[in-house]
Asks: 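Here it is, the structure in full.
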Amino acid sequence: MLFRSLTKRVDGAKLPKVQVVDMRKEEKPKSGGPRMLSAALQKALEERRKKGEQSLVLLNRRGYAPSVQCPHCGRVEECERCAVPMTYHRSVGRLQCHFCDAQRPAPGACPECGSPQLKFTGAGTERLEEAVGEALPGVRGTRMDSDSMKTRGAHGKALAAFREGRTDILLGTQMIAKGLHFPKVTCVGVVGVDSALNLPDFRASERVFQLLVQVAGRAGRGEIPGEVFVQTYTPFHPAIQFARHHDVDGFREQELEYRRAHGYPPFKRAILVSFSG
């Protein structure tokens with residue numbers, strides 16, 4: 001079987017310029033929470049909106065906060081079935097397990113010690129939507145994830161509004177990273193990539209590289225060149241650097257060498273044995 005590499009974009013469009021934003025150098029927010037938008041990304045989003053162009057912002061994590069913890073006694077709200085932290089969904093005021101889909105109302109105080117002060121750790125697409133609205137007043141944004149696109153036809157309506165220019169920014173999970181062709185999209189922002197890189201899975205780098213290449217491909221598909229901003233606390237990670245240069249061959253060679261050295265597939269076989277009950 002003969003394989004060919006696609007080295008050029010359709011219609012001769014140029015690949016987007018990828019900027020890696022070192023979040024370690026960003027000014028810390030006064031609220032103490034995570035900084036969602038870097039100064040560079042915020043400025044780029046505002047400039048695109050003024051020019052009548054469009055943008056995508058990717059954060060591959062649903063909900064408002066991935067975990068809820070009491071800062072006094074240390075209790076973390078966990079799923080009773082899965083024993084993993086439950087995600088806080090602010091829009092419905094509930095905690096949800098993203099493994100078994102169990103849900104319960106979000107507590108107003110710690111069930112363990114009664115403290116009314118609860119800490120919402122991390123950030124999801126709901127928090128990103130809030131941050132974009134605060135940073136860019138009046139922006140027309142649409143959030144696309146499996147929570148906001150539950151009703152029949154919601155996905156098609158959201159894309160139609162974006163295609164017709166009734167939406168400035170499309171933000172969401174990997175749902176917005178693949179298969180979309182909008183020539184007016186000239187800016188793509190990637191937020192929270194480090195959490196995916198640090199998963200205890202030897203395929204984490206590969207999956208992040210794939211996602212970065214895919215979402216970068218949404219920018220500059222028309223006559224206007226595109227630009228991508230990848231926010232990270234680990235700017236020199238190989239997955240980020242190879243994606244920055246659109247270097248698929250280089251990443252593959254590096255990743256295969258890493259897996260060979262550590263005995264990971266495809267050089268060794270892995271067996272997963274699971275017990276549940």
Asks: Check the pair R259, E255 against side chain to side chain contact (heavy atoms under 4.5 Å, CB included), reporting the backbone distance first and the verdict last.
Replies: CA-CA 6 Å; R259 294 191 187 185; E255 185 68 12; 3.2 Å; yes

Asks: Any donor-acceptor pair under 3.5 Å linking the side chain of Q54 with the backbone of F162?
Replies: yes

Asks: Side chains of I240 and P235: does their closest heavy-atom pair fall under 4.5 Å?
Replies: no

Asks: Who are the side-chain contact (heavy atoms from CB on, under 4.5 Å) partners of E47, not counting sequence neighbours?
Replies: K43

Asks: How long is the gap from CE on M175 to CZ on R143, to the nearest 0.5 Å?
Replies: 10.5 Å

Asks: Using the test ring-ring contact (aromatic ring centres under 6.0 Å, His included), find all partners of F120 that sit at least two apart in sequence or belong to another chain.
Replies: Y88

Asks: Salt bridge check: are E77 and R75 linked by an N-O gap of less than 4.0 Å?
Replies: yes

Asks: Less than 4.0 angstrom from a charged side-chain N to a carboxylate O is my criterion; do R62 and D147 meet it?
Replies: yes

Asks: Applying ring-ring contact (aromatic ring centres under 6.0 Å, His included), name anything that partners Y258, two or more places apart in sequence or on another chain.
Replies: H262

Asks: Taking E46 for its side chain and L136 for its backbone only, find out whether a donor-acceptor pair lies under 3.5 Å.
Replies: no

Asks: If we only count heavy atoms from C-beta on, is the V68 to L95 side-chain gap below 4.5 Å?
Replies: yes

Asks: A side-chain contact here means heavy atoms from C-beta on lying under 4.5 Å apart; do R218 and I176 qualify?
Replies: no

Asks: Which residues pass the side-chain contact (heavy atoms from CB on, under 4.5 Å) test with H246, not counting sequence neighbours?
Replies: L15, P16, V18

Asks: Strictly distance-based, threshold 3.5 Å: is any side-chain N or O of Q231 a donor or acceptor partner for the main-chain N or O of M36?
Replies: yes

Asks: Enter the distance from K17:NZ to F229:CZ here, rounded to the nearest 0.5 Å.
Replies: 8.5 Å

Asks: So, do L171 and D145 sit near enough that their side-chain heavy atoms are less than 4.5 Å apart?
Replies: no

Asks: Would you give the length of the straight line joining atom OG of S148 to atom NE2 of H155, rounded to the nearest 0.5 angstrom?
Replies: 9.5 Å

Asks: If the condition is ring-ring contact (aromatic ring centres under 6.0 Å, His included), which residues does Y264 pass it with, not counting sequence neighbours?
Replies: F202

Asks: Who pairs with Q103 by side-chain contact (heavy atoms from CB on, under 4.5 Å), at least two apart in sequence or on another chain?
Replies: R94, Q96, D101

Asks: Look up atom CD in E112 and atom SG in C110, then write down how far apart they are to the nearest 0.5 Å.
Replies: 6.0 Å

Asks: Looking at D168 and R140, would you say the former's side chain and the latter's main chain have a donor-acceptor pair under 3.5 Å?
Replies: yes

Asks: Please list, chain by chain and in numerical order, all residues satisfying ring-ring contact (aromatic ring centres under 6.0 Å, His included) with H237, sequence neighbours excluded.
Replies: none

Asks: Can you name the residues that form a salt bridge (Lys or Arg N to Asp or Glu O under 4.0 Å) with R90, not counting sequence neighbours?
Replies: E130

Asks: Name all residues meeting the salt bridge (Lys or Arg N to Asp or Glu O under 4.0 Å) criterion together with R252; count only those two or more places apart in sequence or in a different chain, and write none if there are none.
Replies: D249

Asks: Would V228 and L212 show up in the same hydrophobic cluster when neighbours are defined by side-chain heavy atoms closer than 4.5 Å?
Replies: yes

Asks: Below 3.5 Å, can you tabulate the donor-acceptor pairs from side chains in residues 178-192 to any protein atom, sequence neighbours excluded?
Replies:
from: H181; atom 1: ND1; to: R221; atom 2: NE; distance (Å): 2.8
from: K184; atom 1: NZ; to: G52; atom 2: O; distance (Å): 3.3
from: T186; atom 1: OG1; to: R48; atom 2: NE; distance (Å): 3.4
from: T186; atom 1: OG1; to: E53; atom 2: OE1; distance (Å): 2.5

Asks: Any chance NZ of K28 has more than 12 other-residue heavy atoms, nucleotides or ligands included, within less than 6.0 Å?
Replies: yes

Asks: When rounded to the nearest 0.5 angstrom, what distance separates CZ in F209 from CD in Q214?
Replies: 10.0 Å

Asks: Is a side-chain N or O of Q69 found less than 3.5 angstrom from the main chain of G74, in a donor-acceptor match?
Replies: yes

Asks: Is the number of heavy atoms from other residues, nucleotides or ligands within 6.0 Å of CZ (R81) greater than 12?
Replies: no

Asks: Which pairs pass side-chain hydrogen bond (donor to acceptor under 3.5 Å, both in side chains) with one or both residues in residues 187-197, sequence neighbours excluded?
Replies: D194-T232, D194-T234

Asks: Counting only heavy atoms not in F267, do more than 12 sit closer than 6.0 Å to its CZ atom?
Replies: yes

Asks: So, using salt bridge (Lys or Arg N to Asp or Glu O under 4.0 Å) as the criterion, who are the partners of E126 when residues are at least two apart?
Replies: none

Asks: What's the separation between atom CE in M23 and atom CG in L37, rounded to the nearest 0.5 Å?
Replies: 8.0 Å

